[in-house]
Amino acid sequence: MQQTIKAPEIKEFPLFEGQQTYERITDQITSIPMERHPMAWTIMFGLGLIGAFALLMALVYLVAVGTGIWGINQPVAWGFAIINFVWWIGIGHAGTLISAILLLLRQAWRMSINRFAEAMTIFAVMCAGIFPLFHTGRPWVAYWLFPIPNWLAMWPQFRSPLEWDVWAVSTYFTVSVLFWYMGLIPDLAKMRDRAKTQLARVLNGIFSLGWRNSAIHWMRWEQAYLLLAGLSTPLVLSVHSIVSLDFAISIVPGWHVTIFPPYFVAGAIFSGFAMVLTLVIPFRILYPKLKDYITMNHIDMMAKVMLATGWIVFYGYLCEMFFGWYSGNQFEQFLVVNRFFGPYWLAYWALIFCNGIVPQLLWSPKIRHNLLVLFIISIIVNIGMWFERFVIVVMSLHRDFLPSAWGMYAPTGSDWWLYLGTIGFFIMMMFVFARFIPMLAVAELKELWYKLYHGHNGHGGTHAPEPKPTAPAPQGGGQ
Amino acid sequence: MAHVETTPKLYGLMAEFETPDQLLEAARRTRDAGYKKFDCYTPFPIHGLTAAMGVKEAKVPWTVFTMGLLGAIGAFSLQVWTNLVDYPLNVAGRDLLSWPYFIPITFEGMVLAAAFGAFFGTHIYNRMLTYYHPVFNVPQFARASSDRFFVCIESKDPKFNRDEAYRFLQSLNPISISEVPE
């Protein structure tokens, strides 16, 4: 055998599979909403619809009777409403991370998941908004939160982080919708041009605002898109930082720590990527056409982001323990002990198990390419991040300073009902999205395809090789 | 006197190309030939195309900047006016002008206004909601959103002459040339 010294090969990860053309990219993705949908779509949509109805009923019951139907009580006045609010907002953050931050970092792999993840963001923020709105107890006067002149001659208290939250979340929702719709307009025009029925042509025509693919329009579109990404990036960081300030500005033990903003943001991205995986894995099976665009590499990347952010979150847990000890404050020290061995010890150790231990499996490339295991891990992380918020909200409140003021908290059936209702609503919205809207950003995928394989990327004419007709996914390949 | 126009008015001449590179070349040559009123149509944004067309514009970034500035000033003054002037609100004895507390909402106001500027600015400059446009009259044009690349020289151009423009477009080796009726 002859031995040759090989230069280290740069492993080229295919971002597309199959033999692509511009035509094929358009065709594959825009045809999905126009075709018959798999049976599983109907089933999942139906389940989601039931959940959405349950949500509606839960809200009607809540408004009719009041927040007394929840498990919240005096030491723990926040309970499920705030746990679920933070959980849903966190999930939303991955969408903005993918669409904005990865765009600014020029991560080519974002192109095939951004539309999907942004849709997830919008629906997750909708679910999140329900909780604080109804937790106010009188949602019909929620406009008091906004600086609208009213008969009480009363203005919001702008020095409160809760008021900052109102602004942060509503701005976040609005900007996410604008960003999403901005990217969608050219793709809706593609749907219009390929529509098979008059209704589809008219509807897509209306919502694509008469987009005609003009180069000058594209130029402005690109400028605006990049600027929106630049605006969304600090925005998304500010949103979860402000959510964390709801806690950190108080003097409650366990909340009054400076690590909260970065630790909340990392946790948000961690849980958001878990949710993207939870959604993408079944959607790829449901719509096999997506597999050419959301390849095993994309899934591998997302798993790696989860692993990295998981470590940041775990570092946060370690810091909390250290702060508790180092503060020299008996209440802070007690909190750490109470987390370990108090009445809610199970929630704390579940959190360490789900967010600290289970994600370590992702070090193994084999596991990152095993969709079933990855799906289970993503669910476990979602649950773990829910426990994190439970630990933060309930454990600090239920035993703060005076033992005479201690208490216990347990969610009631109505709490679970509302929470499961939002999950149902979320599922329903994701499937409605898949039914009517191109799930991937077609124009951006084509642009990426052009940049990758047809030169003119401004780097002295380096031509990437044409991908092989059936580019194999690395290791273990693609379900 | 009755003059019946048999052919509809011409909006322009449109040439169709197969690849982005051919289009870039065509755009450059159209500009060099002295045409001013022409546009390209592509299924995705192509880097360097507007430079090749000789179009330079920064209206959108300036709009976003201005809106962002106004949003920040607006949000900050809103807080100062409501909590200091209209109803001085004493919260735990803090300074009335405790400006660091006003920064988060100032920031959010800036982002919100700037994002509106980006979205609506783009669509207003693009004259969106123009549902009828002559270019849609060309049957092949539906492929502009899929896999074909077009140049359209408009009859508004002072240099426009139907036959000359036709000969010029032919010299670019397009797949097809179509007349775009108004």
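Predicted model, so just to flag it, every value in this text is computed and none were measured. Each chain gets a letter, A, B and so on, in the order its sequence line appears, and its residues count up from 1.
For A:T171, the parts lying under 4.5 angstrom from a heavy atom of chain B are both the backbone and the side chain. In this structure, chain B has no heavy atom under 4.5 Å from any part of A:P161. Contact of A:I216 with chain B is made through backbone and side chain together, with heavy-atom distances under 4.5 Å. Using a 4.5 Å cut-off between heavy atoms, B:V135 contacts chain A through its side chain alone, with no backbone atom that close.
Looking at A:D193 and B:S145, their side chains do bring a donor and an acceptor atom within 3.5 Å of each other.
For B:E57 (side chain) and A:R220 (main-chain N/O), no donor-acceptor pair under 3.5 Å exists by modelled atom type. Using a distance-only test at 3.5 Å, with no hydrogens or angles considered, no donor-acceptor pair links the side chain of A:K446 to the main chain of B:D147.
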Taking it one step at a time, do A:I242 and B:E108 satisfy side chain to side chain contact (heavy atoms under 4.5 Å, CB included)? CA-CA 11 Å; A:I242 289 176; B:E108 303 300 336; 3.4 Å; yes

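The CD1 atom of B:I46 lies 9.0 Å from the CD atom of A:E447; values are rounded to the nearest 0.5 Å. Rounded to the nearest 0.5 angstrom, B:F44 CZ and A:K190 NZ are separated by 9.0 Å. Note that CG of B:N126 is 11.0 Å distant from CH2 of A:W218, once rounded to the nearest 0.5 Å. With rounding to the nearest 0.5 angstrom, the CH2 atom of B:W99 is 14.0 Å from the CZ atom of A:R159.
Within residues 114-124 of chain B, the residues approaching chain A closer than 4.5 Å by heavy atoms are, in numerical order, B:A114, B:A115, B:F116, B:A118, B:F119, B:T122, B:H123. Within residues 78-86 of chain B, the residues having any heavy atom closer than 4.5 Å to a heavy atom of chain A are B:L78, B:Q79, B:W81, B:T82, B:N83, B:L84, B:D86, listed by residue number. Residue-level contacts of residues 148-169 of chain B with chain A, in order of numbering, are B:F149; threshold 4.5 Å between heavy atoms.
Residues satisfying the salt bridge (charged side-chain N to carboxylate O under 4.0 Å, His left out) criterion with B:K59, sequence neighbours excluded, are absent altogether.
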